[in-house]
Amino acid sequence: MIASDFYLDDPRPADGPPVIVGAGPAGIRAAQTLLAHGLRPVVIDEAPKAGGQIYRRQPDGFSRTPKDLYGFEAGRASDLHQTFDRLRPQLDYRPDTLVWNAQGHSLDLLHTAQRTADSLRWRDLIVATGATDRVLPLPGWTLPGVYTLGGAQVALKYQGCAIGDAVVFAGTGPLLYLVAYQYAKAGGRVLAVLDTTPAAQRYKAAPAMLAQPAVTAKGVYFLSWLMFHDVPVHHGVQLLRAEGADRVQALVWKDAQGAEQRTACSAIGLGYALRPETQLADLLGCAFAFAPLHRCYVPQIDADRRSSVPGVYLAGDGAGIMGADAAEMSGELAALALLQDRGIQTDAARQAKLRQQLDKTQQFRQALEVAFPFPDDWAARAPDELVVCRCENITAGELRATAASQPQGDINRIKALCRVGMGRCQGRMCGVAATEILADTLQVPVAQIGRIRGQAPIKPLPLDMTVLPQDQEASHG
């Protein structure tokens, strides 16, 4: 049975509050919009506090100021946090809650603080699950001390610590410079920023990027600040390997002239921009299509964020990476579409304006892809001994050998044969790299390789969790 088959046996409830999964910028604006029109939504969030990844809040007892935490975005972050705090008494808010499965019109939940599980029926559902790191591994990436850029950012924002006392940030994309800036600004020792994109690419994208001058100015500021504070920034590099015994001790790379360099360090932050988190949308039965801009499959949505499944709306980066500002707009737009589908009057002019703003953001997103292109030669350079799937210890050589025996090259067929993407992360870390290697081996477009289908549980579950009777699920409001 496939996910969409459940809809034949599990009819959509006739009534019930809207459900929002995710309390980042998209989820918060969606909740605000629904409340303003008289609906009290259920808001489910895996984190202990609302804000999402970009505006992640500190634990109780930490005292860094919003300016220290969020920099230029301090005002927007504070406004979003204050909005949610004001709305919280009116919401059925469920923090520390993981949606680990979806079947038909029911969500399976794990309340992580209590280690209890139950389920929740839904009539209308806004999925605002955000994004995750896009990772391209290099030899040595499994050493302790090698983090994703997102992981490095979580350590700084939520735990108030650096990933190491001498850090190198490497990869490409706007997040690379943002995280390096945040670390250096917080007093961390940043040894170098290594960007795989040649500097000339920025000039090609400059005219289109000027359509969003404020955003572009922030990126220029981050780069200028790093250079002014003597943080070396190298463009057009090739990352070779991380070295170390018990933990990472150095990153070896080639500069733009082809000379091999070795930077001793205690930690590495690695990433190639972000990719949408789509597993829940997959389990819900949403239709997907390949998006060349994102170089991956994403759920199909209309201009108002409706998915192919009646009652399911997708907001924020989970349907395509567009950033925090666009996530707020898409959360509001998804909520307005939900209200409209319930027969509740909405402001048509406001909806039109949100669509127009999102269209402009999409154009800027295309410019960013020119400025920070995906290194499409990575797979050809990946050595056979490179561990691609760290959960199952599957190497690039094993992937190539398996692909050679399977000329059709579907990623799920390859997964069944060699277990790539079958571990704890469900392909979130290795899926991009595995797809790239298969496409390169078979000499076919990446779109032809397909995508790793979502499987429950979306994330690992504790063995000692207690399953609550169905009639107790409302007690977690």
Specify the closest pair of heavy atoms between Leu284 and Gly104, including all atoms of both residues, with the distance to one decimal.
->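 In this case the closest contact between Leu284 and Gly104 is CD2-O, 4.4 Å.
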Between [Y] and [X], is there a salt bridge with N-O shorter than 4.0 Å?
X: Asp85; Y: Arg57; answer: yes
X: Arg29; Y: Asp79; answer: yes
X: Asp325; Y: Arg76; answer: yes
X: Asp410; Y: Lys415; answer: no
X: Asp195; Y: Arg202; answer: yes
X: Arg115; Y: Asp96; answer: no
X: Lys218; Y: Glu73; answer: yes
X: Arg94; Y: Asp45; answer: no

Evaluate whether atom CZ of Arg350 has more than 12 neighbouring non-hydrogen atoms of other residues, nucleotides or ligands under 6.0 angstrom away.
->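 Atom CZ in Arg350 is crowded, with more than 12 foreign heavy atoms closer than 6.0 Å.
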Arg355 atom CZ, neighbour heavy-atom count above 12 within 6.0 Å |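 Result for CZ/Arg355: enclosed.
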Just checking, any donor-acceptor pair under 3.5 angstrom between side chains of [X] and [Y]?
X: Gln351; Y: Thr346; result: yes
X: Thr116; Y: Thr466; result: no
X: Gln426; Y: Gln279; result: no

Angle class for the Phe290/Tyr297 ring planes (parallel below 30°, perpendicular above 60°, tilted otherwise)?
->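 Perpendicular: the ring planes of Phe290 and Tyr297 meet at over 60°.
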Do [Y] and [X] have ring centroids that are under 6.0 Å from one another?
X: Phe169; Y: Tyr183; result: yes
X: Tyr181; Y: Phe222; result: yes
X: His294; Y: Phe374; result: no

Just one of Thr278, Thr435, Asn412, Asp282 clears the side-chain hydrogen bond (donor to acceptor under 3.5 Å, both in side chains) bar with Arg451, so which one?
->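 Of all the options given, the one that passes is Asp282.
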Are side-chain heavy atoms of Leu98 and Leu109 found at a separation under 4.5 Å?
->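 No - every pair of side-chain heavy atoms lies 4.5 Å or more apart.
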Scan Arg306, Arg12, Arg123 and name whichever one has a salt bridge (Lys or Arg N to Asp or Glu O under 4.0 Å) with Asp341.
->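 So, applying the salt bridge (Lys or Arg N to Asp or Glu O under 4.0 Å) to Asp341 and each of Arg306, Arg12, Arg123, only Arg306 qualifies.
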Criterion salt bridge (Lys or Arg N to Asp or Glu O under 4.0 Å) on Arg121 and Asp15, from CA distance to verdict | CA-CA 10 Å; Arg121 297 274 294 167; Asp15 199 7; over 6 Å; no
Approximate separation, where rounding is to 0.5 Å, of Ile20 CD1 and Ile44 CD1 =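 The CD1 atom of Ile20 sits 9.5 Å away from the CD1 atom of Ile44.
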